[in-house]
Amino acid sequence: MSQTTRRYDTLAAARSWSPAINGEFKQKHITEVFGEYTLTLDGLKERLPKLVWSELKNTIEDGQILDPTVADAVALAMKEWATELGASHYTHWFQPLTGATAEKHDSFITPNQGGGAVAEFSGKDLIQGEPDASSFPSGGLRPTFEARGYTAWDPTSPVFLIENQNGKYLCIPTAFASWTGEALDHKTPLLRSVESLDKQAKRALALFGIDSKRVSSTVGCEQEYFLIDQEFFYRRPDLMTSGRTLVGSKPPRGQELDDHYFGSIPDRVLSYMLEAEQELYRLGIPVKTRHNEVAPGQFEIAPMFENCNIAADHQQLMMIVLKKIAKKYGFECLLHEKPFDGLNGSGKHLNYSLSTKEGMNLLEPGESPHENMQFLFFFSAVLRAAYKHQDLLRIAIAHAGNDHRLGANEAPPAIISAYIGEQLEDIIMQLLNGGLKNSIKSGLLGLGTPVLPTLPKHAGDRNRTSPFAFTGNKFEFRAVGSSQSVSFPIVVLNTAVAEAIDDLCTSLEKKMKTKDLEVSLKEVLVDTLKETHKIVFNGDGYSDDWQVEAKKRGLLNLKTTADALPLLTSKKNIDLFEKYKVLNSREVHSRLEIWAEQYVTNLNIEVDTTEAIARTMVYPAAIRYITELASAVKETKDLGLKNSGSVNMLNTVNNALNDLGKALDNLTKVQGALKGGDVLEQCKEYKEKVIPAMTEIRDCVDLLERFTADDYWPLPIYREMLFVK
């Protein structure tokens with residue numbers, strides 16, 4: 001089969017979808033399906049004795065220690081619920097440091113002495129599992145020959161069912177730790193950080209005369225993703241192995257017309273979204289928003305706010321469901337931060353706030369923020385956390401995929417700064433200049449014609465170039481990558497904010513021994529804002545002037561993962577995590593080792609794939625085309641015809657192929673000269689030497705794509721992948 005036939009067969013397959021193919025999907029009202037595959041608190045309450053329910057509720061809602069005697073009753077209720085809905089197995093569902101989820105399935109069925117079988121599930125089965133820990137990343141916490149690890153039930157996150165066409169199984173969210181008790185996962189430090197934040201936030205609220213049972217961070221994560229036809233995906237080795245196109249020439253039309261953003265959703269995509277959303281509703285995930293994103297083929301889905309631990313679990317489930325349902329519609333869901341060069345990449349904006357169990361948002365400014373002392377306290381604490389730990393915020397979103405996106409005029413720059421808007425900027429300046437008199441009012445926005453309503457106007461605009469922006473009653477951490485787990489970014493925010501609240505409380509408590517709350521608070525806020533105000537920037541984060549200004553302010557500009565990761569194990573950061581009992585020194589060092597190794601491994605996969613595509617697909621196609629051109633040049637010359645056009649084309653393609661050969665030789669030379677050494681040194685070498693060599697190959701391949709006859713080109717090209725839906 002010729003390359004031409006293969007390419008156009010692909011297009012035909014992409015166009016062949018019709019609603020009838022997925023006719024089995026029937027949309028149901030959200031109230032019919034929401035949470036039907038999740039055992040909620042209300043569901044457990046109906047199935048448990050009152051005393052057991054009360055003790056479990058105290059653990060879930062108030063953070064009290066779980067009584068082991070409760071576990072048997074809870075396990076029985078879970079088993080009955082799951083088997084009633086058709087589940088045959090259960091699994092401890094955990095989040096190792098791969099960034100993905102993991103599970104080992106066990107059957108509810110146990111043989112009995114009579115030769116039959118019974119469905120059993122005990123409290124012991126619920127509380128603890130024992131997967132092999134040696135095959136997961138440990139960063140030196142576990143030698144390979146020491147395999148034991150434990151999963152421990154997290155009662156604060158509800159169990160749920162996963163279904164496929166042949167059955168269901170019960171998923172029990174769990175933590176994952178080594179035999180020595182050290183965290184091998186994302187959930188354990190997240191739960192620890194929740195406790196630290198709760199303790200310090202309640203301490204602060206007590207100073208304002210407020211008694212709260214529980215304070216937690218609440219999170220809502222906007223998920224961006226691309227959809228392409230599966231036929232294209234499976235004909236692109238780079239998408240299959242690395243999730244992004246390692247070669248590919250910019251198409252004549254990309255996102256320049258700004259016509260895709262918020263545009264009408266294509267039929268096939270909307271059908272996919274409806275089924276994906278229904279699946280998410282069944283799992284109790286409160287998705288609310290869907291729309292076309294900026295780049296062609298790019299979309300977004302966003303849930304409502306939830307407790308940070310549940311939000312992190314739901315975010316992992318969301319990525320799984322988006323990819324799973326996409327296949328039913330002949331799509332592949334791409335979660336990589338930069339699947340297509342020259343187009344906007346994908347992020348996962350992490351909206352972060354602080355809320356009490358009683359429903360109070362501690363980052364709600366109210367009508368007059370300058371009069372809201374409590375708001376100013378917590379707002380200043382978050383600013384202090386971002387300023388003092390800007391390195392950790394950058395590390396929390398550092399990985400190979402996100403390096404392509406940050407600062408690329410589509411996402412925030414790598415410099416961590418905070419946009420707070422005109423109103424709060426004005427309040428801060430008033431504080432620093434000696435007094436608080438008023439706030440800039442939001443007012444109303446007239447639209448110039450009486451037929452349109454007058455709209456309430458916010459007191460400040462929004463800033464899409466800010467990595468950490470205050471957007472009304474929450475901070476939006478816009479720099480998080482689309483493919484990554486949100487757990488560690490939340491861990492960093494929770495822990496850094498807990499420290500900031502601790503520091504502000506300590507200062508406030510000292511001053512309140514001799515002064516009243518209002519005077520003491522004003523002095524504390526002025527003291528902290530004098531330093532932390534350096535991180536506030538309301539301007540254009542993409543401008544060259546900001547790069548210069550940020551350097552003057554002493555802000556970090558850690559442009560790549562290789563620049564950021566070494567700072568993880570600084571004394572400041574280890575002291576922070578150890579003081580608030582979130583991670584010990586060994587656990588911090590293990591994460592540095594794991595993430596640095598993942599960076600190098602991902603890049604190595606990209607290098608090998610780039611080389612394979614160039615040598616085994618592009619090179620042969622270009623040679624075949626050169627052979628055809630050479631034959632045309634000879635034949636036209638023999639006929640005495642002018643052949644400058646074919647000669648020029650032959651020279652262009654031949655020179656490009658020669659350049660590709662040199663680039664491939666250079667990559668081999670660069671790889672052979674790598675010194676190795678520790679993993680951080682490898683990161684640096686890959687950043688400085690290997691990535692430029694790989695980029696040189698891409699430039700040559702992209703040039704050949706522009707000049708090689710379309711019927712010879714072996715890869716689906718951008719215009720096909722982006723626009724065929």
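A salt bridge does not link E224 with K348: every distance from a Lys NZ or Arg NE/NH1/NH2 to an Asp or Glu carboxylate oxygen is 4.0 Å or more. Electrostatic pairing of K571 and D575 counts as a salt bridge here, judged by a charged N lying under 4.0 Å from a carboxylate O. Classification of E518 and K522 as a salt-bridged pair fails, no side-chain N sitting under 4.0 Å from a carboxylate O. Of the charged side-chain nitrogens involved, none lies within less than 4.0 Å of a carboxylate oxygen, so that K202 and D211 do not count as a salt-bridged pair.
With sequence neighbours left out, the salt bridge (charged side-chain N to carboxylate O under 4.0 Å, His left out) criterion links K515 to E523. Evaluation of the side-chain hydrogen bond (donor to acceptor under 3.5 Å, both in side chains) rule for N402 yields R405 as partners, not counting sequence neighbours. Partners of A564 by side-chain contact (heavy atoms from CB on, under 4.5 Å), not counting sequence neighbours, listed by chain and number: R394, I395, A398, L558. Applying the ring pair (Phe, Tyr, Trp, His ring centres under 6.0 Å) rule to Y352 yields no partners; only residues at least two apart in sequence or on another chain are considered.
Note: L504 CG to Q200 CD = 10.5 Å, rounded to the nearest 0.5 Å. Atom CD in E593 sits 10.5 Å away from atom OG1 in T569 (nearest 0.5 Å). A distance of 8.0 Å separates CG in L317 from OG1 in T38, rounded to the nearest 0.5 Å.
At most 12 heavy atoms of other shown residues, nucleotides or ligands fall within 6.0 angstrom of atom NZ in K199. Atom CG of D544 sits in a sparse spot, with 12 or fewer heavy atoms from other residues, nucleotides or ligands closer than 6.0 Å. In K559, the NZ atom is not crowded: 12 or fewer heavy atoms of neighbouring residues, nucleotides or ligands sit closer than 6.0 Å.
T40 and D42 share no donor-acceptor pair across their side chains, judged by distance under 3.5 Å alone. Between the side chains of D502 and Y580, at least one donor-acceptor pair of N or O atoms lies under 3.5 Å. With hydrogens and angles left out, the side-chain atoms of D185 and T188 include a donor and acceptor closer than 3.5 Å. Counting only N and O atoms by type, the side chains of N309 and K187 include a donor and acceptor under 3.5 Å apart. Using modelled atom types and a 3.5 Å distance limit, the side chains of T561 and D403 yield a donor-acceptor pair. The closest side-chain donor-acceptor pair between E337 and H404, if any, does not fall under 3.5 angstrom. Side chain to side chain, T471 and K474 meet the donor-acceptor criterion of an N or O pair below 3.5 Å.
Residue pairs meeting the salt bridge (charged side-chain N to carboxylate O under 4.0 Å, His left out) criterion with at least one member in residues 487-496: none, sequence neighbours excluded. Counting only residues at least two apart or in different chains, ring-ring contact (aromatic ring centres under 6.0 Å, His included) contacts with residues 379-402 comprise F375-F379, F379-F470, F379-F475.
Less than 6.0 angstrom separates the ring centroid of F488 from the ring centroid of W595.
Judged by distance alone, the side chain of D563 and the main-chain N or O of T560 form a donor-acceptor pair under 3.5 Å. A distance-only check finds no donor-acceptor pair linking the side chain of D426 to the backbone of E422 [under 3.5 Å]. In this structure, N372 contributes its side chain and P365 its backbone to a donor-acceptor pair below 3.5 Å. When atom types are taken as modelled, the side chain of T528 and the backbone of L525 share no donor-acceptor pair closer than 3.5 angstrom. Panel note: side chain Q223, backbone S482; a donor-acceptor pair is recorded below 3.5 Å. In terms of modelled atom types and a separation under 3.5 Å, the side chain of E358 and the main chain of K213 share a donor-acceptor contact.
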Mind running side-chain contact (heavy atoms from CB on, under 4.5 Å) on L350 and E476 for me, showing each step along the way? CA-CA 6 Å; L350 193 161; E476 184 180 16; over 6 Å; no
Yes or no on salt bridge (Lys or Arg N to Asp or Glu O under 4.0 Å) for R214 and E195, after CA distance, side-chain angles and deciding distance? CA-CA 9 Å; R214 189 80 172 162; E195 294 303 317; 2.6 Å; yes
